There are 2 protein chains.
Amino acid sequence: MDTVSPVTTAATQNEPRGEQTRRLIVDTAVRLFQEQGYDKTTMRGIAQAAGLSVGNAYYYFPSKDHLVQEFYERIHIDHRFAAAPALATKTEFAERLHAVLAAGVDAMAPYHGFAGKFFRIAADPASPLSPFSAESTPSRERSLSLFRDVVDGTTTKIDPELKPDLPELLWLAHLGMTLYWVHDRSPNQTKTRLLVDRAVPLIDRLVALSKLRVLRPVTREALALYRTLRPSTPSPSP
Amino acid sequence: MDTVSPVTTAATQNEPRGEQTRRLIVDTAVRLFQEQGYDKTTMRGIAQAAGLSVGNAYYYFPSKDHLVQEFYERIHIDHRFAAAPALATKTEFAERLHAVLAAGVDAMAPYHGFAGKFFRIAADPASPLSPFSAESTPSRERSLSLFRDVVDGTTTKIDPELKPDLPELLWLAHLGMTLYWVHDRSPNQTKTRLLVDRAVPLIDRLVALSKLRVLRPVTREALALYRTLRPSTPSPSP
DNA sequence: GTCTATAGTGGGATAGAC
DNA sequence: GTCTATCCCACTATAGAC
């Protein structure tokens, strides 16, 4: 319901020179995006509100789109924060997964209003902001580690054939959930929350069933296919 | 390998006046997009190359983005065309589905170069070009009908509980395939084609297995969840 | 209803002085 | 690192020709 966000971007002590300016720009941008939406917030507006020149903003961020990447950062921090307690205490796979996904929805909630806009940006595979791009490897890696944590920290028995790929598969599921969330117009994103509540037990059951004799060949083939076709680590841009 | 495209946009006989201009604009735009990409093609450029004024282009298309919607149209026509023979002759579910998906990849192939750009546009849920928007209902409906055709025309026995939702599910799978295709940098989109070749038998087996006793509850729950959460028909914009 | 010409607005991005 | 000035382009407005 209310925000989980602990992201106060203070701590302005003993900092590399431009770091303060950088933060000032991001803070202002984030605020304006929330107040007026992505499109109506102009670079001029951001610069003015921050008491800087436009050129200066571009000194730190090569494009307006790049300011969006800062959201990923902040959302991820909130996400980890909100998921931490459950990851530290729960041991069952389903519980851990549910906690992380639900925490994800909570972390994103404050930005739902203009989520479509930054989703639009992320959707372009040529964009450095695509979740699959080389440039976003660090943030992707951080996000992935959450799901590694889900898998590694559980006492639930998991098919050893599936286990190595499971974190990445869950991360993709999380991406899918986000895709649904972006399109979810229900109040407070109730439908996405319902999706999490009901999809997690399903996934849990599927993971359990994957060892089943009748399903074994299908599981094997699906996994093999995934390994063949999964996006390879992108080479850094030239 | 080579293009299937039969879309010669001729047939310029006895046509409502503006229809020719409209087509001229689209043809020019498509050509320029292919030659120089979406971003580098300007409205000025399109107008000039077509021998028209900018204002005239805007008379027919409210925005540059709207020109992209014409692609969907053309791709769909090519798609139907390429899929038609198989749909008329094959009777097995897997064969029919494979034909339609493979035809889809072929139909999109000529535009892969800048697919990311028009995908970016479609990704914004607020955009009228989103595949889920009210404004694109006709094109979505046309696309859906292809998959209805796949299901209705098969002699393969399909679980009656699944059958009514299957076309929409396949359409979503097609969307997913497109998402993969957009990110597929392999030459001639080999990986997407491989995905189709290997995913279709998997889907086929899953559809067959869905009746299985052990799986029945999972199938039921998954379907129920899908029905609850699937995007409702969007209300027309105010 | 179709089309031209022209002038103007606003905003993303850049060059180059300081 | 910061600023000012400038460019380019999507898009709008308008006034009028066919």
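Note that the coordinates shown come from a computational prediction; the quantities given were computed from them, not determined experimentally. Computed from heavy atoms alone, side chains included, the values below leave out hydrogens, waters and symmetry copies.
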Listed by chain and number, what are the salt bridge (charged side-chain N to carboxylate O under 4.0 Å, His left out) partners of Glu168(B), not counting sequence neighbours?
-> Arg230(B)
Enumerate, atom names and distances included, each donor-acceptor pair closer than 3.5 Å involving a side-chain atom of residues 49-61 of chain A, sequence neighbours excluded.
from     : atom 1 : to       : atom 2 : distance (Å)
Ser53(A) : OG     : Asn56(A) : N      : 3.1

With sequence neighbours excluded, residues passing side chain to side chain contact (heavy atoms under 4.5 Å, CB included) with Leu194(A) = Arg198(A), Thr228(B), Leu229(B)
What salt bridge (Lys or Arg N to Asp or Glu O under 4.0 Å) pairs are there with at least one residue in residues 28-48 of chain B, not counting sequence neighbours?
-> Arg31(B)-Glu35(B), Asp39(B)-Lys117(B)
DNA chain D: Glu19(A) or Tyr58(B), which has the more 5' nearest nucleotide?
-> Glu19(A)
Just checking, is any N or O donor in the side chain of Arg120(A) or Ser127(B) under 3.5 Å from an acceptor N or O on the other one?
-> no
Contact span of DNA chain C against chain A, any nucleotide atom under 4.0 Å from a heavy atom, 5' to 3', runs dG11(C) to dT14(C)
So salt bridge (Lys or Arg N to Asp or Glu O under 4.0 Å) across residues 174-184 of chain A, not counting sequence neighbours, yields none
Are side-chain N/O atoms of Ser136(B) and Ser133(B) paired as donor and acceptor at under 3.5 Å?
-> yes
Applying ring pair (Phe, Tyr, Trp, His ring centres under 6.0 Å), name anything that partners His174(B), two or more places apart in sequence or on another chain.
-> His79(B), Phe147(B)
Along DNA chain C (nearest heavy atom to each residue), the more 5'-positioned of Arg44(B) and Pro16(B) = Pro16(B)
Does any residue of residues 50-57 of chain A have a heavy atom under 4.0 Å from DNA chain D, and if so, which ones, in number order?
-> Leu52(A), Ser53(A), Gly55(A), Asn56(A)
Applying salt bridge (charged side-chain N to carboxylate O under 4.0 Å, His left out) to Asp197(B) and not counting sequence neighbours gives none
Output field: ring centroids Phe114(B)/Phe71(B) closer than 6.0 Å = yes
Looking only at atom types and distance, does a side-chain atom of Thr28(A) sit under 3.5 Å from a main-chain N or O of Ile46(A), one as donor and one as acceptor?
-> no
Contact residues, residues 59-70 of chain A to DNA chain D [heavy atom, < 4.0 Å] = Tyr59(A), Tyr60(A)
Does any residue of residues 30-41 of chain A have a heavy atom under 4.0 Å from DNA chain C, and if so, which ones, in number order?
-> Thr41(A)
Contacts of Arg142(A) that satisfy salt bridge (charged side-chain N to carboxylate O under 4.0 Å, His left out) - sequence neighbours left out | Glu73(A)
Is any side-chain heavy atom of Val26(A) closer than 4.5 Å to a side-chain heavy atom of Arg74(A)?
-> yes
